[in-house]
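Below you'll find the structure, written out as structure tokens, and then a few comments.
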Amino acid sequence: MISQINSMRQSVSLSNILWLETRNEILKTFRMPAFVIPSLIFPVMFYVFFGVLFNQSGADGNMSHYLIATYGVFGIMGPALFSFGVGVAVEKDQGWFAVKRCSPMPISAYFISRILTSMIFGLIIVLELFIIGAVFGDVVLTRSQWILTLVSLLLGTLPFCVLGLWIGLTIKGQAAPAIVNLIYLPMAFLSGLWIPLGVFPEFMQNVAWIFPAFHLSQMVLSIQGLSLGFDLIWHLLSLVTMSAIAWLLAARAFNKHA
Amino acid sequence: MSYSKIGIALATLLVIAIIMLLPTPKDNKQLNKELLTEKSNSFRIKDAVWFDGINWNKHDLVVVNGKIVDNSADIQDDLLTVSYNDKFIIPGLIDAHTHTWGNALKDALSFGVTTELDMFTQPEVLSSVKSQRHESVKTDQADLFSAGVLATSPGGHGTEYGFDIPTIDHPDAAESFVKARIAEGSDYIKIVYHHKTKYGPYTSIDFATLKALIDAAKKYNKLAVVHISDYQSAKEAVQAGADGLVHSFGDKEVDESLIAQMKAKRVFIIPTLTMLSSLSGIKNNSFIVEESTLSTVVSKSQINQLTQTIDASFQNNDALEIAKENVAKMHSAGIKILAGTDAPNPGAAHGISLHQELILLTESGLSPNEALISATYAAHSAFGLKNRGHLKPGAKADFLILNEDPRIKISNTQSLSLIYKNGYAKKLEVKKNISTPIQGTLAEFTKDLSTKTKIPLFATSDKMAKGNSVAKVSWSNKGCNQSGSAKVSGEIKSGFPFPWAGAMVVFSSDMSKTFDFKNNTSLDFEFGGEAGNYRLFIFVKGIQRPKEIPFELPNTSINNCKAISINLKDYDNIDWSSVTGIAWVVNPNRGKFDFYLDDIVLR
Amino acid sequence: MNQNKTLIKVENVSKSFGDIKALRGVSMSLQAGQVIALLGENGAGKTTLINHLLGRETPDSGSVSIAGHTPGSYPARQTIGAVLQSAAMPETLTVKEHIELFSSYYSSPRTLTNTLEIAGLTELQNRKFKALSGGQKQRVLFAIAICGQPPIILLDEPTVGLDVQSRRQFWQCIRNLREQGTCVLLTTHYLEEADALADQVLLLNKGEIVHQGSSESLKQRLGGKRIRFTYSDPTAAFEHLPAVNHVMYRGSQIELISECAEETATALLTQYPTLSDLTIEQVSLEDAFIHFSVKDNDKELAA
């Protein structure tokens, strides 16, 4: 028994934990069609409606280009907010979060696996958008623009993971889907993800500055030169600040549950 | 776990493959239906409005295997159907006077010239591309017909280009000369003739040799066309029996007797007014319609080509005007006029210049429709071009899709949207638009509202966004400096969240063109009106909402304008390198207003 | 193996939540190889004590140590496997997937086969969690607690809500584990469960340990069954029956407390064949707690 206890000092394989944690997270999520199908289809469906079918005017004929960036943001936001916001809230209420916390699971594995799963989800959605945009929306970008758009969207999941985590640790599991939707959908609309901000009245354009989705969308749009033209550093700073605040709030909520 | 690893590897490969397959500006893998005709040369254009070279039609235009087919004939139903609603289809243009060097045929096609009639090139060029005109394959080159080597005297025009060509100086040599040309593949015989055997730096064959050459050509069933540059030579060429004249002349007005002879002998003329324009010292680049699609295809080197002129020492300055009058007279007498440019001589470039020639022809009394005929059916009939220039069953499916009606304005040929060659669609190769630097006066409003951008100052208000504000711009002979100014009046009414009203200058009607203000330091203008705050709207390419620059007008009488200077460096958040327009507007809290705007200068 | 190694040491721990005193000066220790049952009513402080061992609560006073480590610290978590009350696992994962993940957390986990065997899940390893019965679900929670081969297993009311058969299957799992030398601390409010599994019983009442000893000793102090029946003759007396500790008469309703229900019942049915409505049931813990509390109060009075 002593030797056993001492042998616990041996290091476990972190990469193996991360792999299994992520595998389980992905399997868990993808076995819930009620969540998977809407998440994968809605952004693309909206894009087909607004970016392809009704793309008659606006944005100098750049609508399908503009919307590929903004629906990309819309697409990656969903899995991040839901995985952390709803997923954590539900597991916390079910006691599962406590079980994991009592086991020798490295807490980082829990979060990293969720982040990776959100990113894989986001990747699928963004690729769907790319294909639809390229085939039906005549979207043509340089290779580096395509890649940069994809990479910045994937990195852009991080602020929403943190925001989702704070929500998930704060609210009740049952209320979580409703509350996350209540944040997700209005934020998407008011950040100009569905229709360009330019058609909004000015005060609403100013309101957009409080949303991380707005800042991310502006950064992604700037890859194609379709942003409103503010210096990128402001968007980046805003995103970092918002993420930091959400992180502090999440850490406080986390310690309450520890 | 090994299965998982294989799965992850495959998924990663899939992601990379998708990214690599996404379209980039270089490849055009778009599945637009119209563009399927880039790959197939059999299709039906539904309810097309099209000109066949003689008449305008409005029914289906059917193409099978790159050839026009009678639309009433039995055609398979599964034919790809496309439609070009609100577009205008004309036959591919024929430039009846060119010289083929380098990228000539590629350049020609990219501006909608699908056939070039060459008037002198090296026989090797001819043999290498001649076969294409019989084929229906996908190509990026125009078809070529050619005279091959021209007939000129030793030391005559045509010998000055630095390579040896056979020459002729005696009537006895005429038949063998013509036979040699036919053997080389010449489609017709082109002869250089001047009524003086010595003129300027050149010599010329004599009349007897001219006549012998023409007779020999006729004997072998070839057309004989003659290069002339003055009235007397033209007259003698016609007397000698020429089938056509490949230039016009500007030294003398044409008289009744020459017209009568030309008419009697059915002599056609290719006036090449583009060349006479160049000879008159005119830079031939101003005909390009700023906002036309064609203007986006012109390269910098082509512009340079157009702005060159020919040394005009042996021409009078009226040459172009006289030549135009001569064309007008010949045309009204019923003489066949063919459009030709003489590209790539200085002032003309392959393809693009034919659009100028058509404008020059309408300035010489041809209607837009007749100008179209000069570049299509006239060439078809004059040169006996069986399957081109006239879109009838059996003809090559060489035609152009235009956005605007060329019958209204011949310059609408520049609204080219798609080129069909051998039934294959070819998109315009848009050259990357670079911002044009601009410096100096943008508008003075001395006698009207016109500006340097060719689009006059116009009123703008939130009415276009369904607001209620109104604005009106008018020219005023008073105001500002007593030499005319723009008067802007209107009223801000609520109904739009951020109301505006004022006047605007744009650099192209669809705001696609950008100008580069990077090298400018300030935007200065005279401004008069009620004291208070106003705003400048700067429209930048790719950004929907304009940038605002506020400025203040101090107390002053309304007719006494103040000079306002905006220091561009103060607004470094604006991308001054791609400005598409500027507007002067009043503040949202203003009601009714009047203001004067004048002397807009970029320094 | 050093059987005397103290794995859990709780010294004089007190904890209050507001006005409620959840633990009052609790001390206990657990040596390697022991199975201890922590008995108590709902609200007696069992879960609070477990939470202290897991580091989910910190004591107001006193100290807790897990093999010398602070509860909740990484080495402490490597040392303990726990089945918590009312935990639900993600439903769409299979038994095997859950166990594989949890095994990866530990430095020397059991093999998957071994874990499945101990938890009796071999046949069910490819079932999704949602397709399992309540007892099976509980065994999966048990499996992920033991898969890392931790020296200590904490089971917080592991069989609550299970039917008899499921409970017996679960007990078998714990016995399997004991055979392998793991020490187990389980909380329960079933005396029967403590009796079936535990070497040592701790009885917790209102945050205090009121009894500590072998299950035998507790059984003796608390033990017995309640025998109820209806007998029409009001003059009949039952004190003389074998193993009877106590008799209560409520009209025709008779209630006996017996140390050995079988013996008493046999005699009862032989001597009073006309009785009816016979039921035999466990003496409730409540009765026992009242018993101990009264004694405590007496002690206090005496002191």
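What you see is a predicted model, and the numbers here were worked out from it, not measured in a lab. The basis for the numbers below is simple: all heavy atoms, side chains too, and nothing from hydrogens, waters or symmetry mates. Sequence lines set the chain letters: A, B, ... in the order given, protein chains first and strands last, and positions in each chain run from 1.
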To the nearest 0.5 Å, tell me how far B:Leu21 CG sits from A:Phe130 CZ. 13.5 Å

Proximity breakdown for B:Ile8 and chain A, heavy-atom pairs closer than 4.5 Å: side chain

Residue part contacting chain B, namely of A:Phe136, when any heavy atom lies under 4.5 Å: neither

Over all atoms of both residues, closest heavy-atom pair of A:Ala134 and B:Leu22: CB-CD2, 4.0 Å

Verify the neighbour count for atom CH2 of A:Trp234: are there more than 12 heavy atoms of other residues, nucleotides or ligands below 6.0 Å? no

CD1/B:Ile19 to CZ/A:Arg143 distance, rounded to the nearest 0.5 angstrom? 9.0 Å

Residue part contacting chain B, namely of A:Leu123, when any heavy atom lies under 4.5 Å: side chain

To the nearest 0.5 Å, tell me how far A:Trp146 CH2 sits from B:Met20 CE. 13.0 Å

Heavy-atom count around B:Phe537 CZ within 6.0 Å, excluding the residue itself: above 12? yes

Counting only non-hydrogen atoms closer than 4.5 Å, does A:Leu150 touch chain B with its backbone (N, CA, C, O), its side chain (CB onward), both, or neither? side chain

Residues which pass salt bridge (Lys or Arg N to Asp or Glu O under 4.0 Å) with B:Lys426, listed by chain and number, not counting sequence neighbours: B:Glu429

Might you confirm whether atom CG of B:Asp570 has over 12 heavy atoms from other residues, nucleotides or ligands at distances under 6.0 Å? yes

